[in-house]
Amino acid sequence: MTAALAVVLLALAGYVLQGTINTTRATEMQSDALTVDMKFTEARIAVAMQEVNLRHYQVEPSVAVRERFDRVAAEAERNLAEIAGSSGERAREDAKRLLAGQIAYRELAEDLIARVADSDPDFMSFDRLQVTPAFYSLQNDVDEVSRAYHEYAQQQVTALGRQQGRLLVGTAMGFGVGLTLVAGIMRMVLGYQRRLVAQAADSRHQALHDALTGLPNRALFQRDLHKALARDGQIALMIIDLDGFKAVNDTIGHHAGDQVLIEAGRRLAGHVHSPAVVARLGGDEFAVLLPQVSGLSEATMLADRLVAELNRDFVLDDRPAAISGSLGLVLSPANAPGDADELFRHADSAMYRAKRHGGGVAVYDPGTDADQPDDRLELFADLRVLVETGDPEGRLELHYQPQLRLRDGLVTGVEALVRWQHPTRGLIMPETLLPVAERGGLAVALTYHLLTVAARQAAGWLAGGWQGRVSVNVPTGALDDESFAENVLATIGAAGLPPHMLRLELTETGIMAESATAVDTLRRISRSGVTVSVDDFGTGFSSLVQLRDVPADELKIDRTFLGNLTPGTPDEVMVRTSIDLGHNLGLEVVAEGVEDVATLIHLRDMGCDYAQGYALARPVPSSELVGACWVAEATIARTLGYATSSPAL
């Protein structure tokens, strides 16, 4: 029995294999025959249509009729040329012969068309003696060839059917002899087919979904958006961008960035229910589609919940990451079909407005958000002109915020903060100006310009007897400029400002992302006497090794940690730890963003060295700095019990 089953298996396998090969060959021959049949048929129809359009032209000689003639003639020649270039030998020969006849007929037809257009009285004779015979000869030839290949194609279909029938009979006989064995083979075949179907479904899913988050991707989201717009009713579209994501990528690494994206997608999807759709468009950008929305209030309620979810801390490898979201919302027109691309642009404009205002939700407003991309381009063009010309009218001006020493209440330095007095848009603040400069590649050039302004102003204060230090913010990437150190030293040298009176502020995130070349540049600057401050400390993810290697002189605690300094709170622990860390590293510690006197007292008690913030003084133009320093020293004197003195400015 075992031997018999083995013989049956071998025989059946050989028969099925041979039958499969024959069937495959027959299928290919059938497919080729049907393709050739179809092309000859199309050529036959096109040849006939040539004659129809030629006769039509004789009755109505117009450009449109001529164009139709040219189009069907080209179609006939294209089909014949395709057969002549890719089919079997016999078909190629037939196609070449027909193509030659078609070209000859077309030349005669075009001659006839020209005669008709020129009102040649002999065109009827020319048609009867040359054009018509050529057409009927071509038509008869193409009809015969088309019929022949149609019959051949039918023969191939019949042959394939017979081949499949023989294979079926042989397989059935094999089934009868070795039912158990065949059943096993069938199970294997069916399993393989199921895997193919599953793989195909998986491939379709992967093509339409984001590999990292599992959410629909841009292609699927666009398809869903078009479907929603095709139905009646109002829809809502939201574009969401993660704020602080780049800092995570730059400081912790792309693995942590992936964790943020996965968790952000999970949070968004958890608050959006079918038929609404959440998608990842790419990078740190997500989108939400509400295909059925009752109105703006429903959409904004959901938008607020989504942003609130993103504003909760993300925990990455046991460390928190301060991520937030900027969301732009737009509703489709209530009584008109919406355009998908236009809705995307509007939602994107609203999202950028939300980002400029520090995050949150912004609803598209035609009066505010219209042409935002053009506005940014115009701002960039205006800014480039100012930087390149040296700002002769002084529209890029610096405001200064005093920094006070907590042990005696004296103003010891100021931080320079840029303002742009635009001739038509009014005062433009840094949160609008700096992103325009960074996106346009003007950040370094703008820094050089502002450094020149600050150095000259500080040199003037020095000449008047005040030796306070001026701090200037430096953007991420500026230290990669090979001539940065030389330019800084040349600028303060030209202004007559001693190096120790200039302090460069770099954000913690920026310092951690700098290259080895940038760190070397920073060390050259530090050796010259210019001091360095690590700004926004606590918002990044720096390590002690990184802080040790950076030649810093000052640590600035970010304002986000000064909201609640009640003993035992996370903010109080963070601030106290930062102060101790700074002192242990030999750094001075500054708390920025001090908003109330209670915080000022608590900072003094914790050993913080310096403070700045609205509780003491707001940033003011240089002309108002003396008065601001008076107010700041008087405020700290009343709060901390120091004797007042006249500012040296």
Interatomic spacing from [atom1] in [X] to [atom2] in [Y] - rounded to 0.5 Å:
X      : Y      : atom1 : atom2 : value
Leu451 : Leu497 : CG    : CG    : 9.0 Å
Leu396 : Leu446 : CG    : CG    : 6.0 Å
Leu433 : Leu379 : CG    : CG    : 8.5 Å

Apply side chain to side chain contact (heavy atoms under 4.5 Å, CB included) to residues Ile579 and Ile557 and explain how you reach the verdict. CA-CA 8 Å; Ile579 293 172; Ile557 301 174; 3.9 Å; yes
Pairs satisfying ring-ring contact (aromatic ring centres under 6.0 Å, His included), at least one member in [range], at least two apart:
range            : answer
residues 592-627 : none
residues 480-500 : Tyr448-Phe484
residues 392-421 : Tyr400-Trp461, Trp420-His422

Any carboxylate oxygen within less than 4.0 angstrom of a Lys/Arg side-chain nitrogen, looking at [X] and [Y]?
X      : Y      : result
Arg503 : Glu588 : yes
Lys355 : Asp243 : yes
Glu309 : Arg305 : no
Glu397 : Arg419 : no

With a 4.5 Å heavy-atom cut-off, do [X] and [Y] have their side chains touching?
X      : Y      : result
Leu310 : Leu268 : yes
Leu625 : Pro402 : yes
Leu242 : Val260 : yes
Met238 : Met351 : no
Met501 : Val470 : no
Val363 : Val330 : no
Val414 : Gln403 : no
Arg280 : Leu212 : yes

Within 45° cone and under 6.0 Å: Arg407 NZ/CZ vs Tyr642 ring: no
Check Val385, Val387, Asp391 against Thr389 for a side-chain contact (heavy atoms from CB on, under 4.5 Å) and give me the one that passes. Val385
Looking at Asn473, Asp535, Val474, which hits side-chain contact (heavy atoms from CB on, under 4.5 Å) with Leu506?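 When side-chain contact (heavy atoms from CB on, under 4.5 Å) is applied between Leu506 and each of Asn473, Asp535, Val474, only Val474 qualifies.
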Would you please test Ile240 and Val307 for side chain to side chain contact (heavy atoms under 4.5 Å, CB included) and show each step? CA-CA 9 Å; Ile240 305 167; Val307 170; 5.9 Å; no
For a side chain to side chain donor-acceptor pair (under 3.5 Å) check, start with the C-alpha distance between Asn564 and Thr566, then their side-chain angles and the critical distance, and finish with the verdict. CA-CA 6 Å; Asn564 182 12; Thr566 304; 2.7 Å; yes
[X]-[Y] side chain donor-acceptor pair, cut-off 3.5 Å:
X      : Y      : result
Gln612 : Glu592 : no
Asp558 : Thr560 : yes
Arg405 : Thr412 : no
Glu505 : Ser533 : no

Atom pairs and distances, side-chain donor-acceptor, residues 580-587, under 3.5 Å, sequence neighbours left out:
| unit_1 | atom_1 | unit_2 | atom_2 | d |
| --- | --- | --- | --- | --- |
| His583 | NE2 | Asp609 | OD1 | 3.4 |
| His583 | NE2 | Asp609 | OD2 | 2.9 |
| Asn584 | ND2 | Asp580 | O | 3.1 |

Under a 3.5 Å distance rule, please check whether Asp571 uses its side chain to pair with a backbone N or O of Leu565 as donor and acceptor.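 It does not hold such a pair.
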Considering all heavy atoms of both residues, which atom of Ile525 and which atom of Ala485 are nearest to each other, and what is their separation?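 For Ile525 and Ala485, the tightest heavy-atom pair comes out as CG1-CB, 3.7 Å.
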Taking every non-hydrogen atom, the tightest pair across Ala354 and Gly360: CB-O, 3.6 Å
The criterion is salt bridge (charged side-chain N to carboxylate O under 4.0 Å, His left out); which residues satisfy it with Arg218, sequence neighbours excluded? Glu285
Take Asp348 and Tyr364 through the side chain to side chain contact (heavy atoms under 4.5 Å, CB included) test and state the conclusion after the steps. CA-CA 9 Å; Asp348 199 52; Tyr364 174 74; over 6 Å; no
Report the C-alpha separation of Asn217 and His209 in whole Å, then their side-chain angles, then the decisive distance to 0.1 Å, and conclude whether the side chain to side chain contact (heavy atoms under 4.5 Å, CB included) test is met. CA-CA 5 Å; Asn217 60 13; His209 290 77; 5.7 Å; no
What do the steps show when you test Glu633 against Arg638 for salt bridge (charged side-chain N to carboxylate O under 4.0 Å, His left out), and what is the final call? CA-CA 9 Å; Glu633 291 192 353; Arg638 288 194 307 271; over 6 Å; no
Qualifying residues under side-chain contact (heavy atoms from CB on, under 4.5 Å), relative to Thr639, sequence neighbours excluded: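 By the side-chain contact (heavy atoms from CB on, under 4.5 Å) rule, Thr639 matches Val597, Leu600, Ile601, Thr635.
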